[in-house]
S.K.: 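Let me begin by handing over the structure; questions about it come next.
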Amino acid sequence: MDNIEEEIAAQNGNLEESSSAKDGSICGYESLHHLLSVNLKPHLYKEVSRLLIGLNCGKPLELIALPESAKALSSKHDFDLQAFSFDADKELVREPRVVRVGLIQNSVALPTTAPLLDQKRAIFQKLKPIIDSAGASGVNILCLQEAWMMPFAFCTREKRWCEFAEPVDGESTQFLQEYARKYNMVIINPILERDVNHGETLWNTAIIIGNRGNIIGKHRKNHIPRVGDFNESTYYMEGNTGHPVFETAYGKIAVNICYGRHHPLNWLAFGLNGAEIVFNPSATVGELSEPMWPIEARNAAIANSYFVGSINRVGTETFPNPFTSGDGKPQHADFGHFYGSSHFSAPDASCTPSLSRYKDGLLISDMDLNLCRQLKDKWGFRMTARYELYADMLARYLKPDFEPQVISDPLLHKKSL
């Protein structure tokens with residue numbers, strides 16, 4: 001090899017070595033965007049950024065200036081704080097409809113061996129300054145991560161973790177209702193729900209708390225994974241709430257919980273019901289899904305002409321008893337690293353840089369909801385869709401005697417002379 005090739009090989013070797021570190025970073029950097037911004041010359045990073053995260057109304061996303069009190073909380077409690085603005089074109093008939101939205105990602109606060117109530121209340125304490133930072137920043141709608149009030153124990157198959165379950169109006173909801181009233185903020189509260197009216201059945205549920213502290217409604221997770229460690233049907237099954245859209249003081253919102261992001265028709269249904277922002281509170285690890293993470297929500301935002309907020313927890317959660325996945329791997333005591341990387345996606349294909357891959361964080365975005373209709377008008381996806389064809393296909397597919405519409409080449413199976 002010549003000198004240049006040797007230098008590149010040496011650099012790649014160093015990167016490979018550092019990327020295997022267990023701190024959750026990417027070669028020592030908090031996120032892919034951070035890595036690129038530090039290592040590329042400004043004009044190169046600008047072009048790479050244009051291709052990676054797109055342009056909003058033809059220009060890069062603008063940073064939002066946050067109050068010093070919010071930044072002070074971020075510094076004191078060591079959580080990532082970022083804020084960006086999505087614009088829409090000015091209209092002659094409608095005024096801008098700007099709403100400020102926040103996403104919180106966090107790790108657990110105590111080891112999973114600690115008493116359950118101590119674990120839950122330690123997470124409450126950990127989130128207080130992050131929620132206060134959102135409130136100080138004027139956030140209108142705030143979404144927490146999937147099952148934020150507990151470790152993500154649903155793949156251990158141990159029933160002891162069911163003790164974290166709460167009724168809809170339980171401890172976690174009451175905790176967040178105070179903040180909703182204090183900051184005039186809508187809060188999405190994803191919990192492990194115990195349905196006391198139906199035999200104490202468990203559900204993976206998101207509760208929508210109104211800006212006056214009232215409970216607007218709930219949505220239960222539509223799709224339950226059965227892949228690798230994530231075999232959650234030990235605890236709860238597919239939800240029974242359909243695809244509700246909640247009309248709040250700040251816009252029409254919906255919640256597509258975790259594994260539902262892999263199902264395009266799930267995203268579609270929320271759009272057909274009129275959602276303007278769809279939140280995707282999740283818990284997923286790098287080995288399983290990281291290459292998919294920046295793609296699926298962004299594609300959903302484009303295809304359905306709404307905003308998407310994607311939230312993933314951070315850290316590695318180690319459990320007292322090793323478990324197996326049923327995929328041939330040896331037993332282990334953790335699922336891997338939850339890689340954070342929460343972000344927003346817009347209907348015009350632009351998206352924010354993501355939060356840290358290993359730190360707690362608050363991501364804030366101003367979004368003009370007028371952009372949803374503007375992109376519907378531009379691309380005409382609703383107008384040009386062929387729902388009658390899809391409906392007919394699905395109706396036929398559900399019948400036991402369904403046969404795929406396959407037309408074979410008549411010469412395909414004939415022997416040549």
Side-chain angles (χ1 to χ4, degrees), residues 15-28 30-32 105-116 118-120 122-123 126 145-165 190-192 202 204 221 223-237 257-262 280-294 296 310-342 354-361:
L15 287 175
E16 183 177 352
E17 182 179 354
S18 62
S19 67
S20 65
K22 295 183 178 180
D23 62 0
S25 70
I26 302 177
C27 307
E30 287 200 10
S31 67
L32 173 63
Q105 65 178 39
N106 61 276
S107 60
V108 295
L110 292 178
T112 58
T113 51
L116 269 59
D118 290 349
Q119 291 186 54
K120 179 187 289 188
I123 293 175
K126 174 181 248 205
Q145 67 196 24
E146 182 184 20
W148 67 275
M149 27 63 78
M150 62 179 291
F152 202 80
F154 303 139
C155 309
T156 66
R157 300 190 296 281
E158 294 179 358
K159 292 296 188 175
R160 61 181 294 228
W161 306 107
C162 296
E163 292 190 51
F164 276 104
I191 66 165
L192 178 61
L202 300 186
N204 187 319
K221 187 172 181 176
H223 299 274
I224 308 303
R226 295 165 178 84
V227 53
D229 282 330
F230 293 83
N231 191 347
E232 299 166 25
S233 55
T234 301
Y235 300 88
Y236 42 75
M237 297 299 288
I257 303 173
C258 198
Y259 192 70
R261 73 183 181 277
H262 304 308
N280 179 227
S282 298
T284 184
V285 295
E287 183 180 351
L288 181 65
S289 67
E290 198 162 11
M292 304 157 73
W293 181 248
E296 289 174 307
S310 303
I311 315 102
N312 184 28
R313 64 174 57 208
V314 289
T316 301
E317 300 172 6
T318 304
F319 293 89
N321 301 316
F323 50 87
T324 59
S325 308
D327 57 4
K329 293 182 180 179
Q331 65 176 5
H332 44 284
D334 66 78
F335 306 136
H337 178 72
F338 293 104
Y339 53 83
S341 305
S342 302
S354 57
L355 286 178
S356 170
R357 199 176 180 276
Y358 59 89
K359 287 176 64 175
D360 295 350

S.K.: Answer yes or no: is there a side-chain heavy-atom contact under 4.5 Å between H332 and S325?
M.R.: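 The answer is yes, as the side chains (C-beta and beyond) meet within the 4.5 Å cut-off.
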S.K.: Which pair of heavy atoms, one from L192 and one from M149, lies closest together, and at what distance?
M.R.: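 Answer, listing the atom of L192 first, then M149: N-SD, 4.0 Å.
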S.K.: For the side chain of K159 and the backbone of T234, is there at least one donor-acceptor N/O pair under 3.5 Å apart?
M.R.: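 Flag set: sc K159 to bb T234 pair under 3.5 Å.
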S.K.: Between D229 and F323, is any pair of side-chain heavy atoms under 4.5 Å apart?
M.R.: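 Contact flag for D229/F323 side chains = yes.
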S.K.: Take a 6.0 Å sphere around NZ of K329 and say whether it holds more than 12 heavy atoms from other residues, nucleotides or ligands.
M.R.: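 Counting neighbours around NZ of K329, 12 or fewer heavy atoms of other residues, nucleotides or ligands fall under 6.0 Å, so no.
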S.K.: Please report the shortest heavy-atom distance between E232 and C155, naming the atom on each side.
M.R.: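 What the structure gives for the nearest pair is CG-SG, 4.4 Å.
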S.K.: So, taking the atom named OG in S289 and the one named OH in Y259, what distance separates them when rounded to the nearest 0.5 Å?
M.R.: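 Nearest 0.5 Å value for the OG-OH distance: 11.5 Å.
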S.K.: Just so I know, are the side chains of E317 and D334 near enough to count as touching, which here means a heavy-atom distance under 4.5 Å?
M.R.: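 No, their side chains stay 4.5 Å or more apart.
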S.K.: For E290, enumerate each residue passing the side chain to side chain donor-acceptor pair (under 3.5 Å) test, keeping only those at least two apart in sequence or located in another chain.
M.R.: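 Scan of E290 (side chain to side chain donor-acceptor pair (under 3.5 Å), adjacent residues dropped) gives R357.
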S.K.: Would you mind reporting whether Q105 and N312 have side-chain heavy atoms less than 4.5 Å apart?
M.R.: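 They are not in side-chain contact.
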S.K.: Only counting residues at least two apart or in another chain, list the ones meeting side-chain contact (heavy atoms from CB on, under 4.5 Å) with S107.
M.R.: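 Once residues adjacent in sequence are excluded, the partners of S107 under the side-chain contact (heavy atoms from CB on, under 4.5 Å) criterion are K126, V314, D360.
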S.K.: Between atom CD1 of I26 and atom OH of Y358, what is the distance when rounded to the nearest 0.5 Å?
M.R.: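 Separation between the atoms: 10.0 Å.
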S.K.: Would you compute the distance between atom CD1 of I257 and atom CG of N204 and round it to the nearest 0.5 angstrom?
M.R.: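 Here the rounded value is 5.0 Å.
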S.K.: Is a donor on one side and an acceptor on the other found under 3.5 Å between the side chain of T156 and the backbone of E158?
M.R.: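 Judged by distance alone, yes, a pair lies under 3.5 Å.
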S.K.: Which distance, rounded to the nearest 0.5 Å, do you find between the CE of M150 and the CD1 of I191?
M.R.: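 Separation between the atoms: 10.5 Å.
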S.K.: Sequence neighbours excluded, which residues qualify as side chain to side chain donor-acceptor pair (under 3.5 Å) partners of R226?
M.R.: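 For R226 the side chain to side chain donor-acceptor pair (under 3.5 Å) partners, ignoring immediate neighbours, are E238.
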S.K.: Not counting sequence neighbours, which residues clear side-chain contact (heavy atoms from CB on, under 4.5 Å) with P320? List them please.
M.R.: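 side-chain contact (heavy atoms from CB on, under 4.5 Å) list for P320, sorted by chain: T112, T113, R160, W161.
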S.K.: Is any side-chain heavy atom of I311 closer than 4.5 Å to one of Q145?
M.R.: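 Yes, side chains in contact.
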S.K.: Where is the tightest heavy-atom contact between E30 and S356, given as atom of each residue plus distance?
M.R.: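 Nearest pair, atom of E30 first, then S356: OE1-CB, 3.2 Å.
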S.K.: Run R157 and T324 through side chain to side chain contact (heavy atoms under 4.5 Å, CB included) and show every step you take.
M.R.: CA-CA 10 Å; R157 300 190 296 281; T324 59; 3.6 Å; yes
S.K.: Could you give the distance from CD (Q119) to CZ (F164), rounded to the nearest 0.5 Å?
M.R.: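 Rounded to the nearest 0.5 Å, the CD-CZ separation comes to 4.0 Å.
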S.K.: The criterion is side chain to side chain donor-acceptor pair (under 3.5 Å); which residues satisfy it with S341, sequence neighbours excluded?
M.R.: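 Here no residue qualifies.
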S.K.: Using the rule ring pair (Phe, Tyr, Trp, His ring centres under 6.0 Å), only one of Y235, F335, F319 pairs with F154; which is it?
M.R.: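 Among the candidates, only Y235 passes.
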S.K.: Could you check if a side-chain atom of P281 sits within less than 4.5 angstrom of a side-chain atom of W148, using non-hydrogen atoms only?
M.R.: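 Side chain of P281 against side chain of W148, heavy atoms only: no contact under 4.5 Å found.
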S.K.: Excluding sequence neighbours, so at least two apart, what forms side-chain contact (heavy atoms from CB on, under 4.5 Å) with E296?
M.R.: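 Only R261, H262, M292 meet the side-chain contact (heavy atoms from CB on, under 4.5 Å) criterion with E296.
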S.K.: With the side chain counted from C-beta on, respond yes when W293 and N280 share a heavy-atom pair under 4.5 Å apart, and no when they do not.
M.R.: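 W293 reaches N280 side chain to side chain.
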S.K.: Identify the heavy atoms of R313 and A283 that sit nearest to each other, and give their distance.
M.R.: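 Reported closest heavy-atom pair: NE-CB, 4.0 Å.
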S.K.: Would you compute the distance between atom CZ of F152 and atom CZ of F230 and round it to the nearest 0.5 angstrom?
M.R.: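 The distance works out to 6.0 Å.
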S.K.: On a heavy-atom basis, which atom in K221 and which in C258 lie closest, and how many Å separate them?
M.R.: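 The answer is NZ-CB, 3.8 Å.
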